Amino acid sequence: MTDPNRSAALSVARTGTALRTPSGLDRKDRGSAAPHGAEPRTSHAPRRARGPLYAALDLGTNNCRLLIARPHDHGFRVLDGFTRIVRLGEGVSVTGRLGDAAMERTMEALKQCRNKLRDHQPTRMRLIATEACRAAENGPDFLARVKEELGLELEIVDRRTEAELAVTGCADLIEETAQGALMFDIGGGSSELAWLDFRGGRPRSQGRMSASIRSWQSLPVGVVSIAERFGGVDVTPEVFEAMVAFVSEHLKQFRGREKLRQMIGTHPVHLIGTSGTVTTLAGLHLGLERYERQKVDGLWLKSGEVDDIMRVLLAMPFDRRVTHPCIGRDRADLVLPGCAIFEAIRREWPTERVRVADRGLREGILISLMDADKVHKRPSRPKRRSAHGG
């Protein structure tokens with residue numbers, strides 16, 4: 001799924017219910033997405049003054065990702081981006097600390113992010129760190145080192161904020177006729193769930209969509225932590241079921257669990273997955289020879305289709321996963337742990353369809369920043385002059 005020649009400056013614009021995020025910048029989820037290459041640099045000098053620039057950086061358990069964008073129409077136009085698998089959270093579930101090798105890998109990735117930020121000089125930016133730095137004893141110390149050596153000040157966001165940003169980033173993919181949706185983001189060290197209930201009305205602004213969250217949960221499980229606990233190389237059906245059962249125990253703590261199940265039975269509700277697990281399944285379903293974001297983002301998968309793809313994956317040997325263009329070496333040991341998390345969610349709240357989202361925290365950050373600045377607010381009409389010239 002590596003495609004180093006992708007354009008990084010495609011527009012974000014509304015088409016029906018979907019916010020079309022930049023197809024030139026394939027998202028690498030914290031979990032088990034396909035191994036896209038580093039996002040291409042599109043400028044070697046600071047941008048000319050053509051409106052404000054915004055930047056969003058997401059440092060997760062598995063990936064380091066950056067987007068730099070300018071407001072455009074009702075969305076934004078991506079100017080540059082970067083993504084790299086760093087596995088910062090490798091071993092944290094066992095040792096409780098970030099490892100030296102993982103921190104060095106991450107520092108190298110953050111150096112490139114710093115260089116891009118220097119080139120573009122965004123007007124506003126938000127740089128966040130999630131589960132790996134939240135969970136690790138030395139997470140704050142590592143971020144202090146990042147600030148001292150690179151001049152980047154990252155904030156460790158809490159789990160609710162992470163869930164809200166994911167909802168904001170994916171909100172435009174929720175079907176207009178849906179009365180509710182269950183959004184899930186399968187990460188490397190944690191997974192976020194958010195139940196959106198629109199029976200009392202739907203927010204007009206995408207940046208306000210998190211106001212419709214009726215219940216949310218952050219599971220202390222992700223593809224990296226599940227792989228470290230159960231293994232991700234040789235996954236038998238029995239091991240897979242053990243993974244699913246482990247995740248299901250955590251889902252029992254979801255507030256409103258039964259009410260959500262009842263709503264699914266009486267109202268139009270669908271799942272929406274913003275994770276590499278789901279984008280990988282979509283790529284397999286489409287039979288892609290290389291990852292094509294524009295074909296994956298917004299795709300609908302029926303429940304039976306998901307069943308079929310998971311059966312194929314469970315039967316696929318590890319070496320085949322390594323060479324498969326929709327999986328790759330970096331995620332070959334993570335894709336089945338991700339599927340186990342997804343399967344536990346599907347069994348708990350079975351819906352007929354799931355919508356695939358190749359977007360997430362970075363997009364949510366950008367939308368939130370632009371919404372706060374009211375950059376898409378329509379200009380006010382000039383006042384009419386009175387008959388007296390006042």
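These figures come from a predicted structure and were not determined experimentally. For the single chain, residues carry numbers from 1 onward in sequence order.
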Checking Arg202 against Phe198: charged group under 6.0 Å from the ring centre and within 45 degrees of the axis?
yes
Report the C-alpha separation of Leu165 and Arg126 in whole Å, then their side-chain angles, then the decisive distance to 0.1 Å, and conclude whether the side chain to side chain contact (heavy atoms under 4.5 Å, CB included) test is met.
CA-CA 12 Å; Leu165 288 172; Arg126 189 175 186 186; 4.3 Å; yes
If hydrophobic clusters are built from ILVMFWY residues whose side chains come within less than 4.5 Å, do [X] and [Y] share one?
X      : Y      : result
Met316 : Val322 : no
Val312 : Leu301 : yes
Ile327 : Val233 : no
Trp300 : Ile264 : no
Phe318 : Met243 : no

Work out which heavy atom in Cys170 is nearest to a heavy atom in Gly360; give both atom names and the distance.
SG-CA, 4.4 Å
Identify the two heavy atoms, one from Asp333 and one from Arg321, that lie closest to each other, and give their separation to 0.1 Å.
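Distance-wise, the nearest heavy atoms are CA-NH1, 4.5 Å.
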Any side-chain heavy-atom pair of Leu334 and Arg87 under 4.5 Å
yes
State, yes or no, whether a side-chain contact exists between Gln112 and Arg84 at a heavy-atom distance under 4.5 Å.
yes
When rounded to the nearest 0.5 angstrom, what is the spacing between [atom1] in [X] and [atom2] in [Y]?
X      : Y      : atom1 : atom2 : result
Glu305 : Leu281 : CD    : CG    : 11.5 Å
Met125 : Leu117 : CE    : CG    : 5.5 Å
Phe142 : Leu154 : CZ    : CG    : 8.5 Å

Would you confirm whether the ring centroid of Phe342 sits within less than 6.0 angstrom of the ring centroid of Phe184?
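Aromatic pair counts; centres sit under 6.0 Å.
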Between Trp216 and Phe254, does the ring centroid distance fall short of 6.0 Å?
no
Have Thr274 and Arg359 got a donor and an acceptor in their side chains that come within less than 3.5 Å?
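Not at all, the side chains of Thr274 and Arg359 share no donor-acceptor pair under 3.5 Å.
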Check: Asp158/Thr161 side-chain N/O donor and acceptor closer than 3.5 Å
yes
Assess the residue pair Ile68 and Lys116 against the criterion (side chain to side chain contact (heavy atoms under 4.5 Å, CB included)); give the C-alpha distance rounded to whole Å, side-chain angles, the decisive distance to 0.1 Å, and a yes or no.
CA-CA 9 Å; Ile68 300 171; Lys116 287 178 178 291; 4.2 Å; yes
One pair to check against side-chain hydrogen bond (donor to acceptor under 3.5 Å, both in side chains): Ser93 and Arg229. What are the steps and the verdict?
CA-CA 8 Å; Ser93 63; Arg229 184 182 184 94; over 6 Å; no
Selection residues 90-99 - residue pairs positive for salt bridge (Lys or Arg N to Asp or Glu O under 4.0 Å), sequence neighbours left out:
Glu90-Arg105, Arg97-Glu137
Mind jotting down which residue pairs meet the salt bridge (Lys or Arg N to Asp or Glu O under 4.0 Å) criterion with at least one end in residues 242-253? Sequence neighbours excluded, please.
Glu249-Lys252
Got more than 12 heavy atoms from elsewhere within 6.0 Å of [atom1], [X]?
X      : atom1 : answer
Glu241 : CD    : yes
Glu153 : CD    : no
Glu258 : CD    : yes
Arg320 : CZ    : yes

Walk me through it: do Arg346 and Asp307 pass the test salt bridge (charged side-chain N to carboxylate O under 4.0 Å, His left out)?
CA-CA 10 Å; Arg346 295 176 66 226; Asp307 291 338; 2.9 Å; yes
Under the side-chain hydrogen bond (donor to acceptor under 3.5 Å, both in side chains) criterion, do Ser218 and Glu192 qualify, and how do the steps go?
CA-CA 4 Å; Ser218 181; Glu192 279 59 53; 2.5 Å; yes
List the steps, then state whether side-chain hydrogen bond (donor to acceptor under 3.5 Å, both in side chains) holds for Thr61 with Glu131.
CA-CA 6 Å; Thr61 299; Glu131 185 62 22; over 6 Å; no
